[in-house]
Amino acid sequence: MTRLSSYFLPTLKEPPADAEALSHRLLVRAGLVRQLGAGLWTFLPAGWRSHRRVEAIVRSELDAIGAQEMLMPVLQPADPWARTGRLPIQELFKVEDRKGAEHVLAMSHEEAITFHVARELRSYRDLPKILYHFQVKARDEPRPRAGVLRTREFVMKDSYSFDADREGLDRSYELHVGAYDRIFDRCGLEWYRVASDVGMMGGFGAHEYMAPCPAGENEVALSAAGYAANVEVASATPRPVEGLPSAADAPEAVETPGQTAIEEVSRGLDVPAAALLKAFPVIAERRGPVLVVLRGDHRLNEIKLANALGEAARPAQADEVESLFASVPGFIGPVGTPVAVIADRAVEGLRGLVAGANEADRHLRGVEPGRDFEPEWADVRSVEAGDTCPSGAEIHLEPAIEVGNIFKLGMRYSEPLGATYLDESGTERHVWMGSYGIGLARIMAAAVEQGADEQGISWPRALAPFDIEVVALGKPGEESLEVAERLYSELGAAGLEAVLDDRAASAGEKFADAELLGCPLRLTVGRKGIEAGEVEAQVRRGRERRALSLETAAEEAVGLWRELP
RNA sequence: CGGGGCGUGGCGCAGUCUGGUAGCGCACUCGGCUGGGGGCCGAGCGGUCGCUGGUUCAAAUCCAGUCGCCCCGACCA
């Protein structure tokens, strides 16, 4: 019997002063987690129960798609990391053993799993395989933050798929899509699967699972029509420009002394910011100088630009603007520029625009893309609230936390680590891989953020540390404790995990702590209730109360519990 | 890595500017009352003032260094 009188659940009236994020404050206050160092967190008994519930859900859905659980070490020899080129990663913890041999603390397990697969899987008959484990990941984060949301050590479920060809990888990926959708549904989260950037690793496709919450580090673009994308890659139709100046036969120079900012030129010439052409001089790694042109009220999205260029680019320095772009910082524009121009699609078809004249204190008006300069068109701007999605619905932006990701790796690891197999014709081929991660603590934190109210946490039924909290009121020795214990046992017999508040504390303290801990259902047993033949039930979410009959309280409570979210 | 802030009983804070007996609330212990929304009375326990060095008759307070933690940004394979 789990009794609060002896359970290690140190609740706090006030959150630690340095806690800002809601989940951080509440997980600490409710006695679920404690900090050991920057980005290093201990899960106390009740917090670990929640964590394990998440784990159990993840495990059951992965097992259901035929994935096989295993376990790989955190401490690993550095050599495979050197071979895949990941050794220089800043976030990778490096350690030496007593002999001076280089090791790492794994931040993920592609190297380890591929190492094994390369040795053990030889034939197309051995494929496909999906392998996974729950393991601590170590990352030397430049900036841990927000409690358990971004830490230097955390438990992740990561699975890896191994297939003979691209079609096989697609199938393994789709299996994970299904499993992940079910996992986040079962966890009771509001979530979105969004297309994501494949990043510097390349790869063949990736999605992120995002849970909207105020402490989220990412931003997702959502629409009522079901559009969902990470702003890193989101694409949308811009709001039309209002008050565009009339078109001209040819660009005409105007004096704009000292007006280097969009806002200043807009005011000086009395045209909307959207009628300006914003020009970003960048230096691409291989292509060299490129002038990127956007609508004046839009922002450049560096990730989309890198994807459009097919390589990374950096902003040009002031001296480079003069030497390479033959222009003047603040007055740079696409008309007459000696370098290649990439223009955002939002300016396609617009006329009567204003652009920098590539001379100090002058702009051009009446500019028309396609006539006055010939750009390469690309979608390189950041979407913003008020844009419309492909189905025509308005887009809004929300902060969200990434709770999972799925990634088509291809042969990124099987090549350097020599993971090959012989196909039906006896030809040696590389294995096609995918990797799929889920952060367990982040699911907890997201659930807390999404469900909390003024009183504290309100867990989704599937993740609560306990299904039901039974509160026994009255002085020690009174009948209510006996009744509460009986109720606890009946709930256990019915398959629910309860916790009993048998502490010698006042009713107010017990209620406050129960609402802080956030179990979905609270049953209160007190003298008055017993005399009236009743037990009070309070649903945590909404805090609605109702009376249950003393005799059938357990049975009624189980029924009530099953209806909860 | 750039910017900002904070380290004083378990938690939240005051005291630092202007050097002179370390304080408050909560928590905790004991006794009593109360017993359906953090209740009341009384008596207690508990602090190397992050650390090191310096200045001074005297340092939580001034100076130098250092460590730790938080927030914003950058970064986030």
Side-chain angles (χ1 to χ4, degrees), chain A residues 10-21 24-25 28-29 31 34-41 81 84-92 104 106-111 137 139-147 149-152 154 158 196-203 206 208 215-218 230 232 302-303 306 312 314-315 401-402 405 407 409-410 412-413 416 435 437 439 454-456 471-481 484 501 503-516 522-532 534-536 538 543 545 547:
Chain A
T11 58
L12 260 32
K13 235 180 227 180
E14 293 177 88
D18 54 23
E20 303 242 324
H24 182 186
R25 300 163 72 93
V28 171
R29 278 192 59 207
R34 284 295 185 268
Q35 187 172 18
L36 187 62
L40 300 170
W41 289 85
W81 293 77
T84 59
R86 293 216 296 173
L87 206 48
I89 294 176
Q90 293 278 314
E91 283 71 29
L92 186 65
V104 304
M107 54 193 300
S108 65
H109 282 71
E110 282 85 356
E111 279 78 3
K137 310 290 162 172
R139 296 188 183 175
D140 193 356
E141 287 289 345
R143 190 184 155 207
R145 69 180 126 192
L149 277 186
R150 187 166 207 87
T151 56
R152 295 198 289 177
F154 56 97
D158 46 339
S196 71
D197 184 41
V198 293
M200 303 304 281
M201 278 177 56
E208 290 168 336
E217 304 183 293
N218 298 90
N230 192 321
E232 289 177 352
E302 289 175 29
I303 292 168
R314 62 167 175 84
I401 184 73
E402 181 187 348
N405 61 64
F407 199 99
L409 287 169
R412 168 70 179 81
Y413 292 90
S435 79
E454 292 299 305
Q455 280 67 38
V471 174
L473 298 179
K475 327 182 205 196
E478 275 188 13
E479 190 192 1
S480 52
L481 184 58
D501 191 349
R503 297 173 301 169
S506 71
E509 286 171 81
K510 293 182 180 184
F511 292 154
D513 272 354
E515 280 159 10
L516 179 58
R522 183 185 83 198
L523 298 180
T524 306
V525 181
R527 185 171 46 82
K528 289 178 190 168
I530 291 172
E531 282 167 6
E534 287 174 1
V535 168
E536 181 197 86
Q538 187 209 50
R543 301 175 73 219
R545 300 182 211 179

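Quick caveat: nothing in here was measured; it's all calculated off a predicted structure. Below, read A as the first sequence line, B as the second, and so on, with proteins coming before strands; counting in each chain starts at 1. Computation of the quantities below employed the complete heavy-atom set of this structure, encompassing side-chain atoms and omitting hydrogens, waters and symmetry-equivalent molecules.
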Next on the checklist: Between the base of B:G12 and the side chain of A:Arg29, is one N or O donor paired with an acceptor at under 3.5 angstrom?
Outcome noted: no
Item to check | Interatomic distance, A:Lys528 NZ vs B:G36 P [rounded to whole Å] | outcome: 5 Å
Item to check | Under 4.0 Å protein heavy-atom contact, by nucleotide of nucleotides 25-35 of chain B - B base, S sugar-phosphate only | outcome: -S--------B
Checklist outcome for this item: A:Thr524 has its side chain closest, among B:G37, B:C13, B:G36, to B:G36
Checklist entry - Nearest-Å distance, CD (A:Gln35) to P (B:G7)? => result 17 Å
Item to check | Integer angstrom distance from the P of B:U61 to that of B:U8 | outcome: 14 Å
Item to check | For atom CD of A:Glu20 and atom P of B:C70, their distance in whole Å | outcome: 11 Å
Next on the checklist: Classify A:Pro10 by what it touches in the nucleic acid, base, sugar-phosphate, or nothing, heavy-atom distance under 4.0 Å.
Outcome noted: nothing
Item to check | Interatomic distance at P, B:G47 relative to B:G9, whole Å | outcome: 11 Å
Checklist entry - Checking all strands, does A:Ala146 fall into the base, sugar-phosphate, or nothing category for heavy-atom contacts under 4.0 angstrom? => result sugar-phosphate
Item to check | Rounded interatomic separation in angstrom, taking CD from A:Glu141 and C1' from B:G73 | outcome: 15 Å
Item to check | Donor-acceptor pair under 3.5 Å, A:Arg545 side chain vs B:G37 base | outcome: yes
Next on the checklist: Just to verify, what does A:Trp41 make a ring pair (Phe, Tyr, Trp, His ring centres under 6.0 Å) with, not counting sequence neighbours?
Outcome noted: A:His24
Checklist entry - Could you state the interatomic distance from CG (A:Asp513) to CG (A:Asp501), rounded to the nearest 0.5 Å? => result 7.0 Å
Checklist entry - Counting any heavy atom closer than 4.0 Å, what does A:Arg139 reach on the DNA or RNA strands: base, sugar-phosphate only, or nothing? => result nothing
Checklist entry - Looking only at heavy atoms, what is the nearest atom pair of A:Leu481 and A:Ala472, with distance? => result CD1-CB, 3.8 Å
Next on the checklist: Applying side-chain contact (heavy atoms from CB on, under 4.5 Å), can you list everything that pairs with A:Arg543, at least two apart in sequence or on another chain?
Outcome noted: A:Asp453, A:Gln455, A:Glu515, A:Gln538, A:Arg540
